Structure formats: C-alpha cells, structure tokens
Amino acid sequence: MTGIAGTTPVVGGILPLTISHNTLVVACGVAAVGFAAGVVGCFGVLRRRALVGDAAAHATLVGVALAFLATGRRELSVLLAGGFISAMAALGVLVLLRRFSRTRDDAATAIVLSVAFGLGITIVSGITARGIPGGAGLEQFLLGHTAALTAADAWLLGTISAVAVLLLLLALKEATLIAFDPSFAAATGWPVTAIDYLLVTLVAVMVVVGLPAAGAVLVTALVVIPPVAARQWTDRVPTMLLLSGLFGVMSALFGVAVSAVVPRLATGPLVVLASAFIFLCSFVAAPDRGWWARHRRRSQTEFERPNPPGGDQSKPPEDVESFST
Amino acid sequence: MNLSFFTDGGGMHAWAIATAAMVAAGCGLVGTLLVVRRMSLLGDAISHAMLPGIVIAVLAGGRPGGLLVLLGAVAAALLTVWLTQVLRTEGGLAEDAGAGVAFTTLFALGVVMVTAVASRIDLDPACVLHGVLELVPFDTVPVLGFEVPRAFLTAAVVFVGLSLAVIITWKMQVFTAFDAEAARAAGVPVAAVTTGLLVATALATVAGFEAVGAILVVAMLVVPAATAELLTRRLHRITILAILLGVAAAGIGYLVAWWCNTSAAGMIAVVLGCEYLLAVFFAPDDGLVSRVFTRGWFHWRVACEDRLAACWRREEMAAQGNPLVVANRPNLGERLADRWLAITGRLNHGPRGWTLTRRGREQADMVVRSHRLWETWLGRHADLPLDHLHPPAEWIEHHLGADVRRRIEAEVGTRASDPHGRSIPPEP
C-alpha cells in the first residue's frame with residue numbers, strides 16, 4: 001500500500017505537519033474503505049435499498065459492544081466481527097418482520113434501526129458505567145475516530161474492502177441485471193433472491209468496515225452519497241461504480257486529513273460533509289442530468305418550441321434504459 | 001423498591017420518568033399518523049436532521065427547550081423534507097436515496113457544529129445521540145411555586161398543543177392518511193395537512209431531543225405506533241394505545257435502566273422493542289401465535305368433521321344394503337380425530353368399527369346436509385359435470401352456517417335430493 005518507511009516531514013499550509021508512516025497507512029486504509037463503500041453502495045442505491053444499510057449500521061453497535069464484553073479486548077478485528085454478526089442479525093429480523101408481520105416495510109426498518117441502536121447504547125452505557133477497562137473507547141464507534149487506528153487495523157480494513165470489491169466485480173453482470181430488470185432476471189432463471197442477499201451482505205460488510213471511519217450513526221452516508229453523486233454524471237454502470245469509488249476515496253481522505261489536524265473533530269461527520277459537497281457539485285454541474293444543464297435545456301426548449309421536434313439538437317437523449325424516475 | 005425511590009432527591013426519578021412519559025406521549029400521538037401514512041423513515045430523517053437547527057438556535061441565544069430552539073428544529077425539519085423533495089423532482093433521486101443524502105448531511109453538519117462550539121454552549125455531543133434523561137431533573141424552572149424540570153415543561157406544552165391540533169384536524173388527518181387523492185378531491189388541504197404533520201413531528205422530536213437523544217426518539221415515534229397497529233384496527237384506538245404503550249415503556253425502561261445502571265433512553269427503546277415483539281407474537285388477531293393457532297384449530301375441526309361425515313356415509317350405505325367393504329386405512333391424523341371424537345362422545349367403537357353416537361349423528365347430519373345442498377345448488381347454477389361437484393362441496397361444507405343452508409334450501413326446494421340422487425338430511 002505504501003513504500004514509505006519511517007517518517008516524512010511535510011511542511012505546508014499554516015501548520016507544519018509530521019505525517020508518520022502510521023498516518024499514511026491509515027489514510028490509505030480508510031481511502032480503500034471509501035472506495036469499496038462507494039462501489040458496493042451503487043447497487044444498494046440502484047435497487048432502492050438506500051436505507052437498509054442504515055438499519056444494519058445502527059445495529060453494529062450491539063455486536064461491537066458484545067464482542068468487547070465477550071473477549072475483553074479492543075482488537076479491531078474482533079469488534080468488527082461482532083458488529084458484522086449483529087448487523088446481519090438485524091437484517092435477518094428485518095426480513096422476518098417483513099415476511100411474517102403486518103407491519104409496513106418502512107416502519108419495520110425504523111423499528112429495527114432504533115431498537116437495535118437503543119440496545120447498543122444500553123450495552124455501551126452499561127460497560128462505561130461499570131468502568132470496565134477499555135470500555136470508554138467504544139463510544140468512538142458512534143461517530144468514528146480514525147486517529148485511534150493502527151497500521152495493522154488499516155491493513156485489515158483495506159483487505160476486507162478489496163475482497164468486497166472483488167466479490168462485487170465477480171457478480172457484476174448478475175447484479176446489474178437484477179438492478180434494472182428483476183422480473184426478467186427471475187423469468188430467465190437467475191437466483192434473484194440469492195444475488196439480492198449477496199448484495200445486501202456486501203453492503204453490511206462495508207457498513208461494518210466503515211465504522212472506524214464514519215461511526216455507526218453516519219456510516220450509511222458512505223454507501224449512499226457517493227453513488228448518488230456518481231449517478232448524476234453517467235448512465236453506465238461501470239462508470240458509475242468507478243466514479244462512486246473515486247468520490248468515496250476523496251471524501252475519506254478529506255475526513256482523515258482534517259481530523260488529523262483538528263483531533264477534536266470526529267472523522268465521520270467530516271467524511272459525510274465532504275461527500276455531500278461532492279454531491280452538491282454533481283447535482284448542480286453534472287452534464288445532462290445536473291440542475292444547471294436541465295435549467296439551460298428547459299429555457300432553450302422554450303425558445304425553440306416552434307422548431308420541428310426532430311431538428312431540436314438540445315433535446316435530451318431518449319434514454320429508455322435510464323433507470324431514474 | 002418502595003415509594004421513597006420516587007420522592008428522594010426532590011422527586012428526581014419521578015420527574016425523569018414523567019419527562020420520558022410526556023415525550024413518549026407526544027411521540028406516540030404523532031408517530032401513529034406517520035406510521036399509517038408510511039412516513040416512518042421521514043420521522044427518522046427529521047430526528048437526525050434537526051440537529052443543526054437546534055445548534056444554530058442555541059448559538060443565537062436560545063435555551064434548550066425554549067421557543068427559539070423549537071423554531072430552529074422545525075425549520076431544519078422542513079428544510080430536510082424540502083431538500084428531499086427538491087432532490088426528487090430536480091435530480092430524479094428516489095425518495096429513500098434523497099432522504100439518505102439530506103439527513104446524513106444535516107446531521108453531520110450538526111455534529112461538526114456541536115464539536116466546534118461545544119465549549120461555548122451547553123450541548124454535549126453524546127447527549128445529541130442518546131440523551132441524558134438522568135440529568136433532566138437538575139435543570140428546573142419555577143412554575144406556580146414548584147420547581148419543574150424544563151424538559152418536562154417543554155414536553156408537556158408540546159404534548160398538549162399537539163393533542164389539541166390533532167383533535168381539531170382529526171377528520172382531515174384520517175381522510176388524508178387513508179386516501180390522499182380522494183381527500184384532495186373532496187377539498188381537504190392535503191399539502192397543509194402533511195406540512196402540519198411534519199411540523200408536529202419536528203416538535204414532538206425536539207421535545208424529546210434533550211431527554212432521549214436524536215436517534216432513540218425515532219423508537220418513540222415509530223415503535224409504539226407499529227405495536228398498537230398490530231393490536232387494534234381503528235385509528236383512534238391505535239393512537240391512544242400508542243400513547244399508553246409509549247408511557248408504559250418510559251416508566252419500565254427507566255426503572256430497569258436504573259436497576260441495571262445503564263442508559264435510560266437506550267433501555268426505553270429496548271422496552272419498546274420488547275413490547276413490539278410481544279405484539280408480533282401474541283397480538284389477538286395478527287399475532288403469529290394466534291394465526292398459527294387459528295389455522296391449526298381450523299384444520300383440526302375440518303379433520304373431525306370429515307371423519308364424522310365419512311362415518312355417516314358408511315352407515316347410510318350399510319342401511320341401503322350395500323355396505324362399504326374396502327375402507328382406506330386411516331392415517332395418523334384421522335386416527336387422532338377418531339380418538340378425539342370418541343372422547344367427546346360423538347363416535348363409539350363397536351364390533352364393526354366406528355359408529356356415530358346420537359350427538360355425532362346430529363353434527364354429521366349438518367355437514368352432509370351442507371355438502372349435498374351445495375352440490376345441488378352448484379348443479380343447478382354452474383354448468384359442471386356431475387363428478388366435478390364434489391370437490392367444492394367438500395371444501396365449503398365446513399363453512400356453511402344454518403342461515404345459508406336454509407336460504408339454499410329455500411331456493412332448491414325442500415324435497416330435493418342431491419344431483420347424485422341421495423337424500424339431504426333435514427335441518428333439526
């Protein structure tokens with residue numbers, strides 16, 4: 001990930017900064033997480049499941065706290081494994097509630113999200129109140145705090161992110177198919193449910209891996225905002241994946257950098273604000289889909305209304321394949 | 001635990017519970033309308049997104065729980081909803097994606113603002129997330145000579161105001177909730193009703209913000225309403241039940257949290273979750289247990305009635321002089337049903353197998369009567385071949401009551417025999 005060893009003094013801006021090897025590795029690891037979250041999140045957004053990741057994210061706190069209680073260690077891999085298990089359990093409960101109860105889907109999501117978060121808060125507060133050593137650091141998982149990461153942690157995050165992206169690329173064709181035409185996919189014999197579960201699992205993995213960077217409350221932004229921003233620029237899935245990953249990397253690096261300079265600020269909100277800024281730019285300035293382009297097109301069509309429809313070059317392309325509504 | 005728990009320290013615990021209960025009541029009231037209108041996730045979004053509004057209001061000199069803060073929260077909530085709408089209409093974003101962008105961004109903005117200016121205002125980043133119900137009783141204002149916690153006062157005022165608003169606009173709320181198109185056509189100002197609901201959500205949420213935090217207030221909004229919805233059907237009953245469930249959870253959650261020495265707000269959410277799970281399993285009509293039990297009981301009744309009818313037909317054929325020689329060996333369910341019918345005095349085990357008792361014959365008469373009446377009626381009205389009449393009758397014989405049988409009989413004639421030429425037993 002990096003060949004730089006030791007410390008590299010960098011003087012720039014107002015403050016002279018010393019970027020250690022550790023900081024650099026952590027930055028790379030978090031950037032990898034940002035990339036993978038952006039890529040994996042695309043299908044969550046395309047499948048209209050943007051908020052399922054939110055339920056999983058809020059549920060991770062339970063698993064993180066229980067894993068800490070069970071092992072008594074604050075090793076990142078153990079905590080994240082716990083978080084993943086509880087996120088999957090929450091998604092399982094969500095599926096069961098949708099299947100077996102009369103509660104509407106949106107209410108079921110909100111219930112799982114808020115009750116799981118309440119349980120997590122209860123356990124974390126219990127740990128803190130009892131003064132179990134190391135327990136105080138668990139609050140960092142609420143809003144994310146990359147300053148506490150070690151190089152080994154960053155390698156772990158980077159590796160899981162790489163595996164997640166690889167898995168997604170392996171299933172890319174199928175995922176694209178069910179994102180745009182699930183009924184056709186089902187009719188031609190693709191295991192739609194299985195692929196759906198794979199995609200949701202990948203989102204859950206990225207939500208868990210994103211915890212150290214963005215925290216349980218905001219990590220869902222990592223898998224929602226970059227894809228939505230990327231969607232503004234393109235109609236093609238590969239381009240969207242790449243752009244989304246790129247946006248994820250940019251916001252993650254911004255968050256890490258600023259929270260390294262101002263340690264008081266948690267990383268998560270900064271990452272989210274950076275990606276929100278990218279989204280704002282995309283929303284306004286993207287060609288064809290962006291607000292500015294639409295605005296211009298609208299005023300142009302008003303002037304050119306007398307023209308025959310075929311001669312109007314500013315007309316938007318007939319994108320039957322377009323998946324926005 | 002004795003009563004001194006509630007009165008110690010100037011009624012500290014009593015005030016904390018009362019505050020939580022008041023917040024839960026307001027949230028339950030508004031949450032019901034949100035849930036039935038499929039807007040639960042909007043409640044989630046609003047409760048996150050109002051944070052920057054609150055921080056700006058506090059920076060501008062507002063006190064937590066004061067009017068300025070309420071206004072700030074409402075403004076932020078409306079901004080979120082407006083942003084979601086703009087993203088949808090202008091950017092073509094799906095609603096969930098738009099909300100996901102809008103509320104995470106505003107929440108992140110709020111957290112950064114809180115962290116950046118935390119030293120200047122009395123807002124704690126932890127309090128933002130999960131509230132500090134335990135500290136509520138220490139911040140009091142004098143009301144009529146009593147020291148009342150400010151959070152309680154805010155929650156109470158908000159609850160009373162919301163109750164009045166909901167009661168006054170009740171009919172419009174119900175109409176809009178169940179058929180917005182028809183309501184619009186009938187002249188109900190649907191947009192105003194919806195905006196009012198959003199403002200109400202923001203108010204209920206900000207009232208609970210200090211006590212239970214931004215995220216757990218979602219539990220108070222959605223969970224009691226969803227629980228009540230499983231327990232009853234009428235909207236006003238759901239609303240009242242949601243308020244009661246929320247209040248109960250507030251009390252129980254606070255006490256359990258005190259006993260376990262942990263976060264009261266978190267425990268209240270957990271208790272709400274338990275209430276919901278109990279309802280999922282044990283609700284009288286919609287509960288899983290009740291549904292499984294109802295279905296099982298029905299299958300059992302069908303099995304018993306089928307055995308009685310089979311016995312009845314065997315005896316009929318024997319009486320006509322051509323006894324059934326080949327009988328299928330009964331399977332386990334049928335044998336169990338026979339055993340049960342014998343225990344309840346409807347079948348007797350004689351030298352030639354099972355025979356009907358008088359009670360059994362009365363019941364079997366009605367099953368066979370339903371069956372043959374239906375076959376007759378179907379033979380007259382539907383152009384079905386003779387051998388297609390049996391299956392539908394075999395199914396419906398368990399569902400026809402005496403009234404329907406009489407009406408069918410009135411139509412097909414009292415003296416009729418069924419299409420196979422067999423007689424129909426009379427009504428007793």
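Throughout, protein chains are lettered first and strands after them, A, B, ... in sequence-line order, and every chain is numbered starting at 1. Since the model is a prediction, treat every value here as computed from it, not as a measurement.
Chain B forms the most heavy-atom pairs under 4.5 Å with one residue out of A:Gly118, A:Gly53, A:Gly268, and that residue is A:Gly118.
Using a 4.5 Å cut-off between heavy atoms, B:Leu109 contacts chain A through both its backbone and its side chain. Residue contact with chain B, scored on non-hydrogen atoms closer than 4.5 Å, involves the side chain of A:Phe279 exclusively. Both the backbone and the side chain of A:Arg102 come within less than 4.5 Å of a heavy atom in chain B. A:His58 touches chain B through its side chain: at least one heavy atom from C-beta onward sits under 4.5 Å away, while N, CA, C and O do not. With a threshold of 4.5 angstrom between heavy atoms, A:Asp54 approaches chain B through side-chain atoms but not through N, CA, C or O. When heavy atoms are compared at a cutoff of 4.5 Å, B:Asp96 approaches chain A by way of both its backbone and its side chain. Using a 4.5 Å cut-off between heavy atoms, A:Phe117 contacts chain B through both its backbone and its side chain. Of the atoms belonging to A:Ile127, not a single heavy atom falls under 4.5 Å from chain B.
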Before you tell me yes or no, could you show the steps for B:Arg37 and B:Thr194 under side-chain contact (heavy atoms from CB on, under 4.5 Å), namely the whole-Å CA-CA distance, both residues' side-chain angles and the distance that decides it to 0.1 Å? CA-CA 10 Å; B:Arg37 293 189 64 175; B:Thr194 307; 3.0 Å; yes
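You'll find the side chain of B:Tyr276 stays beyond 4.5 Å of the side chain of B:Leu245, heavy atoms only. B:Leu93 has its side chain within reach of A:Gln232: a pair of non-hydrogen atoms, C-beta onward, lies under 4.5 Å apart.
Looking only at distances, a side-chain donor or acceptor of A:Asp106 sits under 3.5 Å from a matching main-chain atom of B:Ser40.
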